[in-house]
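Order of appearance sets the numbers: ligands from 1, and atoms from 1 within every ligand.
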Amino acid sequence: MILLLIGPPGVGKGTQAKFIIEKLNIPQISTGDMLRSNVREGTELGTKAQEYMSLGKLVPDQVILNMMRSRLSDKDCLNGYILDGFPRTINQAEGLDDLLNEFEKNLDLALIMEIDDSLIINRLSSRRSCKSCSKIYNLLFDPPTSQGKCNVCGDDLFLREDDTPQTIQKRLDIYHKETKPLIQYYTDKNIGKSIDAQGSIEEVKNNIIDAINI
Ligand code: AMP
């Protein structure tokens with residue numbers, strides 16, 4: 001099964017993707033995680049991407065599409081995957097269609113996670129991630145047991161550089177302008193399904209279960 005998650009930053013795409021991959025036994029492919037790992041490793045791609053990411057801007061489509069062409073050719077993608085944070089523009093969506101045609105695959109479902117903008121800034125500025133294992137916490141509704149430390153591996157938690165209020169607003173503006181048109185794009189292809197993502201992690205999880213019948 002090939003699925004993708006569309007939604008504004010902070011809607012819970014990463015959190016819900018983790019649950020879907022366990023259920024369906026397919027990999028999660030997060031362009032944000034891939035880019036951050038390139039930044040950490042100081043690759044050429046990471047250095048280029050960092051200029052955009054730190055400002056809350058989108059990394060150019062061609063850079064993303066090249067990265068995805070290589071990732072989607074990996075062996076673990078043979079039985080499907082869930083795309084988290086890609087595509088983010090119509091150009092990327094068309095590029096994905098071309099890639100899938102080339103690989104003779106079809107996109108099964110685009111899950112559109114809907115939430116009010118007013119909830120996003122609070123959620124994101126309370127988000128913390130583990131430096132080592134990337135587990136995500138939220139100080140408001142999913143805090144770690146011991147302050148500032150990961151429950152799983154015990155390493156330090158940090159606030160992402162692009163989760164500051166000013167950058168969040170910029171990312172939201174870009175979401176509305178560049179990414180929201182994808183809702184119509186996938187609705188027109190009859191594979192768009194809307195998910196109410198305003199509730200708790202558990203409630204949203206149940207909405208997704210209903211939508212994809214797992
Ligand atoms: P995310 O973790 O999905 O919120 O992504 C963090 C940042 O990585 C974004 O604000 C962008 O700068 C960049 N990024 C991630 N995915 C994409 C994409 N599909 N297209 C362009 N930029 C991206």
Main chain of Ile183, side chain of Thr187: is a donor-acceptor contact present, judged purely on distance under 3.5 Å? yes

Considering the options Ile191, Ile82, Asp84, Leu96, which one meets the side-chain contact (heavy atoms from CB on, under 4.5 Å) requirement together with Leu4? Leu96

Within the 4.0 Å heavy-atom sphere of ligand 1, strictly under, residues: Thr31, Gly32, Leu35, Arg36, Met53, Lys57, Leu58, Val59, Ile64, Gly85, Phe86, Arg88, Gln92, Arg160, Asp162, Arg171

Suppose we screen for side chain to side chain contact (heavy atoms under 4.5 Å, CB included). Which residues come up paired with Thr31, at least two apart in sequence or across chains? Ile64, Met67, Met68, Phe86, Arg88

Report the residues that fulfil salt bridge (charged side-chain N to carboxylate O under 4.0 Å, His left out) with Asp97, sequence neighbours left out, ordered by chain and then residue number. Lys189

Result for side chain to side chain donor-acceptor pair (under 3.5 Å) between Asp173 and one of Lys177, Lys170, His176, Gln169 points to Gln169

Check: residues 104-115 side-chain donor-acceptor pairs under 3.5 Å, at least two apart:
| unit_1 | atom_1 | unit_2 | atom_2 | d |
| --- | --- | --- | --- | --- |
| Lys105 | NZ | Leu78 | O | 2.9 |
| Asp108 | OD2 | Ile2 | N | 2.7 |
| Glu114 | OE2 | Ser194 | OG | 2.8 |

